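Contents: one structure, followed by commentary.
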Amino acid sequence: MEKRLRLAPSPTGLFHIGTARTALFNWLYAQKIGGKFLLRIEDTDVLRSKSEYTKNILEGLKWLGLKWDEAPVKQSERISIHKNYIKKLLERGNAYRCFTTEDEISQLREEQKNKGLPPKHDNRHRNLSKEEIETFISKGRSSVIRFKIDETIQIKWVDQIRGEIKWKGKDLGGDLVLSRRAQGYEIGDPLYNLAVVVDDNFMNITHVVRGEDHISNTAKQILIYEALDFKLPIFSHTPLILNSEGKKLSKRDCVTSIDEFRDMGYLPEALSNYMAFLGWSPKSTEREILSIDEISKFFDLSDINKAGAKFSWEKLNWINSQYIKNMESLKLSEIIWKYWDNMGWEPPSQEWAIKLAILIKDSMILLRDAIDQSKPFFLIPPIQKEGQDFLENNDCKVSLRLVLNYLIEKNGLKLENENAKEIVNEISKTHNIKKGILMKSLRVAFFGSLSGPDLIQSWVLFSESKSDLTRIERCLKSV
Ligand code: GLU
């Protein structure tokens with residue numbers, strides 16, 4: 001039988017890292033077992049669902065490389081089907097109309113709170129007679145449909161991550177509401193637990209992998225599966241992502257949407273790699289830099305930890321920096337080019353852009369670090385105090401003048417690493433100037449300070465962008 005997994009996001013906000021990680025685990029397991037990864041957009045909450053969020057989720061999945069195998073199912077298009085199943089449950093005696101008003105429910109909650117009890121419906125309308133139902137309706141009372149939950153039963157299933165899970169019927173909060181309020185004999189809009197069972201059955205889902213916050217829903221859903229004679233899928237509940245204080249990662253922790261991670265300069269491959277390690281680690285390899293295709297070969301749901309997974313910026317940053325370091329230079333330069341473009345900086349050639357990308361990549365953690373790292377190659381930085389002080393040494397100015405004259409004499413010389421090194425050697429030998437002094441003087445002229453990336457490689461770039469002479473001249477003028 002075909003193995004089928006799904007992500008069922010509610011488009012009520014931007015694509016969240018928790019949902020993205022659930023998507024990744026579903027996708028990885030689908031690849032591992034040769035199954036399909038499907039999508040269902042749970043957009044039945046008309047007030048909170050927005051099409052721009054659906055778009056954001058789909059784009060985020062694509063960006064992360066998590067392709068789905070069939071056209072996404074839109075839950076809102078299936079409402080009449082959900083209602084038919086509610087009718088079936090009513091006819092079979094598994095569900096009933098409950099006319100309890102909002103006020104009555106609040107009063108019940110208040111009484112339970114005062115007694116220190118958890119909120120639970122008292123199933124007061126489970127056995128109404130036809131006449132009693134008629135009376136409520138004729139008085140204009142609205143009703144919800146409730147699913148009967150046997151207080152005496154115990155629900156058991158084998159979770160692929162947590163092993164056997166047991167849940168008592170009496171701990172499920174009383175009979176379960178399947179639909180929103182409606183007047184007369186109408187059935188209101190179906191709610192999550194009913195819709196999810198009907199749709200997972202319709203989509204022939206064989207494995208449900210979702211966050212541990214759904215464990216009690218699973219217990220309720222199993223009862224609905226049984227009442228409708230549907231085949232049960234295999235359930236797995238993944239640990240939550242926690243912040244540094246051990247609490248569920250939330251919007252208060254600043255960055256939670258996939259868009260924000262992208263805009264900060266994380267690479268999709270790095271983010272997916274990191275997310276896989278949030279709660280999972282491979283048993284058969286020590287490697288931590290792995291593509292999602294590689295991970296899918298090692299991946300197994302049974303290797304996922306039960307405990308919550310702490311989010312670590314440090315680890316994510318390290319993984320991102322590794323991906324930047326290992327990226328093909330042309331690709332990296334093209335990505336960085338967009339950041340330069342936004343700043344209005346124009347590289348003189350593609351070759352130059354590639355060389356600069358190679359030069360700065362080891363000091364980048366985020367893609368946007370390219371801005372700071374490459375700024376001195378586009379804009380001439382001011383000479384800082386430490387640079388000024390260094391140039392006070394007479395040899396410095398002499399050495400800069402010698403380099404300047406050399407360059408003027410050899411006007412049009414195409415500088416490469418080798419001949420740049422030769423110029424330094426030659427001048428230092430002929431004029432008896434220490435190589436270190438000469439190099440540091442050039443560094444001050446180019447960068448305005450004593451720090452910066454490799455001098456020779458930088459010089460080649462300044463030469464190509466025709467700013468080495470300008471920089472040396474302005475330096476000599478300013479000291
Ligand atoms: N729409 C639900 C959510 O976003 C789906 C949960 C499930 O996978 O069943 O939490």
Side-chain angles (χ1 to χ4, degrees), residues 3-30 35-51 53-58 60-61 66 68 72-79 82 85 155 157 159-162 165 167 172 176-180 189-225 228 230-241 248-251 256-258 275 279 301 304:
K3 312 266 184 7
R4 292 166 68 86
L5 290 93
R6 68 8 173 222
L7 179 76
S10 307
T12 53
L14 293 173
F15 191 28
H16 185 274
I17 181 148
T19 315
R21 203 226 5 194
T22 304
L24 177 62
F25 282 168
N26 273 281
W27 184 92
L28 287 169
Y29 195 59
K36 285 202 166 151
F37 171 60
L38 312 170
L39 288 184
R40 181 173 64 243
I41 306 299
E42 302 212 317
D43 55 349
T44 49
D45 183 342
V46 274
L47 292 179
R48 292 172 60 224
S49 298
K50 292 205 170 105
S51 60
Y53 291 140
T54 300
K55 193 166 165 258
N56 180 264
I57 294 166
L58 298 186
L61 285 166
L66 306 178
W68 52 96
V73 170
K74 249 182 122 189
Q75 194 162 58
S76 58
E77 288 170 1
R78 298 182 34 81
I79 292 177
H82 304 146
Y85 278 102
I155 304 130
W157 73 94
D159 189 289
Q160 275 189 295
I161 297 174
R162 283 149 205 277
I165 298 184
W167 208 281
L172 286 175
L176 174 71
V177 182
L178 297 181
S179 64
R180 289 185 208 283
D189 281 345
L191 293 173
Y192 163 71
N193 278 305
L194 181 279
V196 82
V197 171
V198 170
D199 289 348
D200 279 341
N201 178 70
F202 163 72
M203 292 168 75
N204 293 318
I205 298 302
T206 53
H207 295 72
V208 170
V209 180
R210 59 186 168 202
E212 67 175 11
D213 44 342
H214 283 290
I215 291 182
S216 67
N217 283 331
T218 299
K220 294 169 190 167
Q221 289 169 22
I222 287 175
L223 297 176
I224 303 177
Y225 272 97
L228 287 171
F230 288 165
K231 192 170 177 327
L232 278 176
I234 297 169
F235 292 99
S236 307
H237 293 90
T238 61
L240 297 179
I241 305 178
K248 186 178 167 182
L249 193 76
S250 75
K251 290 216 174 82
T256 48
S257 85
I258 294 302
M275 286 194 301
L301 289 167
I304 293 179

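Counting starts at 1 for both ligands and their atoms, following the listed order. Computed from a predicted structure; not experimentally measured.
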Problem set entry | From CA spacing to verdict: side-chain hydrogen bond (donor to acceptor under 3.5 Å, both in side chains), Asp199, His82 | CA-CA 8 Å; Asp199 289 348; His82 304 146; 2.9 Å; yes
Problem set entry | Numbering as shown, the atoms of ligand 1 that approach Ser10 to under 4.0 Å (heavy-atom distance) | 1 (N), 2 (C), 3 (C), 4 (O)
Problem set entry | Partner set under side-chain contact (heavy atoms from CB on, under 4.5 Å) for His16, not counting sequence neighbours | Thr19, Thr256
For this session: Mark up the atoms of ligand 1 that fall under 4.0 Å of a heavy atom belonging to Val196, in ascending order.
Result: 9 (O)
Exercise. Parallel, tilted or perpendicular: which describes the rings of Tyr192 and His214, with under 30° parallel and over 60° perpendicular?
Worked result: tilted
Problem set entry | Candidate list Ile215, Val208, Ile161, test side chain to side chain contact (heavy atoms under 4.5 Å, CB included), partner Phe235, passing option | Val208
Problem set entry | atom 8 (O) of ligand 1: nearest protein contact (heavy atom, Å) | Arg6 NH1, 2.6 Å
Exercise. Considering residues at least two apart in sequence or located in another chain, which fulfil the side-chain contact (heavy atoms from CB on, under 4.5 Å) criterion with Asn204?
Worked result: Arg4
Seminar exercise, completed: The protein heavy atom nearest to atom 5 (C) of ligand 1 is Ala8 O, 3.1 Å
Seminar exercise, completed: In this structure, OG1 of Thr12 is separated from CD1 of Ile57 (nearest 0.5 Å) by 7.5 Å
Exercise. Which of the numbered atoms in ligand 1 are below 4.0 angstrom from a heavy atom of His214?
Worked result: 3 (C), 6 (C), 10 (O)
For this session: Give the numbers and elements of all ligand 1 atoms closer than 4.0 Å to a heavy atom of Glu42.
Result: 1 (N), 2 (C), 5 (C)
For this session: Below 4.0 angstrom from a heavy atom of Arg210, which ligand 1 atoms are there? Numbered from 1 as shown, please.
Result: 7 (C), 8 (O), 9 (O)
